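I have placed the structure first, in the form of structure tokens, so that the comments after it can refer back to it.
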Amino acid sequence: MAFSSSFRRLFAGANSLSSSPSSCVRHCSTLTSPRLFVSGLSRLTTNEKLQDAFASFGELVDARVITDRETGRSKGFGFVTYATIEDAEKAKKGMNAKFLDGWVIFVDPARPREPRRPQQETPQSYSGSGYTTNKTIGWCK
DNA sequence: GTTGAGCGTT
């Protein structure tokens, strides 16, 4: 059978074509911070509601709805902080585009707030020989 | 009562 050889070549070509140099994207959507930004909240949603809605995904360290100081009402978004990043990831995937108080809420990784003044210790852990220990977060299973 | 796409307080 002379067909098998041409088939083999076609398959080999297709296989080599499937390798793209810019396709270095890993299926790893791990967050870099256990802090989540929740938007789309109802103006009636309060901290307890937010906490109650997100508590079932992991250990919730903090959950607060941002309220305007002048009016005392919710600004329509809030922040939730989990004990671990995995829980935050689970909550993000589990609560994103879901309903809360009749509104569709969106969960996204919170942006790192501006560098605060030198009050908190700077854990610049050195390895001993002048090299910084890179404690990169990103457990990819 | 207030219907918006928005990243905050010690």
Side-chain angles (χ1 to χ4, degrees), chain A residues 1 3-141:
Chain A
M1 296 148 182
F3 286 115
S4 48
S5 60
S6 22
F7 256 111
R8 249 225 206 117
R9 242 204 255 169
L10 280 174
F11 260 82
N15 267 344
S16 53
L17 274 177
S18 63
S19 65
S20 198
S22 333
S23 229
C24 268
V25 184
R26 244 164 238 260
H27 198 72
C28 184
S29 45
T30 308
L31 303 173
T32 53
S33 164
R35 199 183 284 157
L36 293 176
F37 170 69
V38 186
S39 57
L41 295 175
S42 167
R43 304 226 115 102
L44 304 172
T45 305
T46 172
N47 297 15
E48 285 147 350
K49 290 265 209 165
L50 194 70
Q51 183 174 344
D52 199 57
F54 281 80
S56 49
F57 291 95
E59 189 179 340
L60 210 45
V61 173
D62 189 27
R64 58 159 45 104
V65 173
I66 303 306
T67 54
D68 197 317
R69 281 207 352 184
E70 303 175 30
T71 66
R73 261 170 258 181
S74 166
K75 282 185 179 176
F77 62 93
F79 293 90
V80 284
T81 308
Y82 281 91
T84 70
I85 292 184
E86 291 185 354
D87 289 344
E89 170 88 4
K90 270 194 300 180
K92 173 171 156 283
K93 283 182 173 169
M95 284 299 290
N96 192 29
K98 290 289 154 60
F99 281 93
L100 183 59
D101 267 5
W103 285 83
V104 180
I105 67 175
F106 295 99
V107 184
D108 279 309
R111 289 184 183 161
R113 225 186 148 253
E114 19 180 290
R116 46 197 91 157
R117 42 208 84 133
Q119 191 173 7
Q120 207 153 8
E121 294 181 22
T122 312
Q124 200 86 5
S125 47
Y126 285 92
S127 205
S129 311
Y131 286 94
T132 56
T133 307
N134 195 7
K135 280 190 174 181
T136 307
I137 332 177
W139 302 282
C140 202
K141 291 181 180 175

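Remember, it's a predicted structure, so these values are computed and weren't measured experimentally. Naming: A, B, ... by sequence-line order, numbering from 1 per chain.
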Check: In whole angstrom, what separates A/Asn47's CG from B/dT10's C1'?
Finding: 13 Å

Notebook entry, point to check: When the distance from CG of A/Asp108 to C1' of B/dG6 is rounded to whole Å, what number comes out?
Noted result: 11 Å

Item checked: Separation of atom CG in A/Leu31 from atom P in B/dC7, rounded to whole Å -> 19 Å

Check: Roughly, in whole Å, what's the span from CZ in A/Arg64 to C1' in B/dT10?
Finding: 7 Å

Check: How do A/Asp62 and A/Leu44 order along DNA chain B: which one's closest nucleotide is nearer the 5' end?
Finding: A/Leu44

Next item on the list: Mind calculating the distance between CZ (A/Arg73) and C1' (B/dG6) to the nearest angstrom?
Entry: 17 Å

Next item on the list: Give a yes or no on whether a salt bridge exists between A/Lys90 and A/Asp87, defined as a side-chain N under 4.0 angstrom from a carboxylate O.
Entry: yes

Note to self: As a test of reading the structure: which of B/dT9, B/dG6, B/dT2 is closest to the side chain of A/Lys75, going by heavy atoms?
What the structure shows: B/dT9

Check: With syn defined as a glycosidic torsion within 90 degrees of 0 and anti otherwise, which applies to B/dG4?
Finding: anti

Note to self: Can you tell me which nucleotide in B/dT9, B/dC7, B/dT2 comes closest to the side chain of A/Ala110?
What the structure shows: B/dC7

Next item on the list: Could you check which of B/dG8, B/dG6, B/dT2 has an atom nearest any side-chain atom of A/Arg35?
Entry: B/dG8

Checklist line | Nearest-neighbour nucleotide for the A/Arg69 side chain, B/dA5, B/dT2, B/dT10 considered | finding: B/dT10

Check: Between B/dT9, B/dG6, B/dC7, which nucleotide has the shortest distance from any of its atoms to the side chain of A/Ser39?
Finding: B/dG6

Check: Heavy atoms, side chains only, cut-off 4.5 Å: are A/Phe37 and A/Val107 in contact?
Finding: no

Item checked: Atom pair distance, as rounded to whole Å: CZ in A/Phe106 and P in B/dG6 -> 12 Å

Note to self: Should A/Phe79 be counted as stacked on B/dG8, where stacking needs a ring-centre gap under 5.5 Å and an angle between planes under 30 degrees?
What the structure shows: yes

Next item on the list: Provide the full list of side chain to side chain donor-acceptor pair (under 3.5 Å) pairs with a residue in residues 58-70 of chain A, sequence neighbours left out, each pair given once.
Entry: A/Asp62-A/Arg64

Next item on the list: Kindly write out the residues that satisfy side-chain hydrogen bond (donor to acceptor under 3.5 Å, both in side chains) with A/Arg73, not counting sequence neighbours, or none if the list is empty.
Entry: none

Next item on the list: Compare the minimum distances between each of B/dG6, B/dT2, B/dG8 and the side chain of A/Ile66, then state the nucleotide with the smallest one.
Entry: B/dG8

Note to self: What I want to check is whether an N or O donor and acceptor connect the side chain of A/Arg111 with the base of B/dG8 at under 3.5 Å.
What the structure shows: no

Margin query: Measuring only between side-chain heavy atoms, which start at C-beta, is A/Asp101 closer than 4.5 Å to A/Leu41?
Written below: no

Margin query: Need one value for A/Arg43: base, sugar-phosphate or nothing, where a base atom within 4.0 Å counts as base even if backbone is also close, heavy atoms only.
Written below: base

Check: What does A/Leu41 touch in the nucleic acid at a heavy-atom separation under 4.0 angstrom: a base, only the sugar-phosphate, or nothing?
Finding: base

Check: Whole Å only: how far is the CG atom of A/Asp68 from the C1' atom of B/dT9?
Finding: 13 Å

Notebook entry, point to check: A/Arg113 CZ to B/dG6 C1': how many Å, rounded?
Noted result: 16 Å

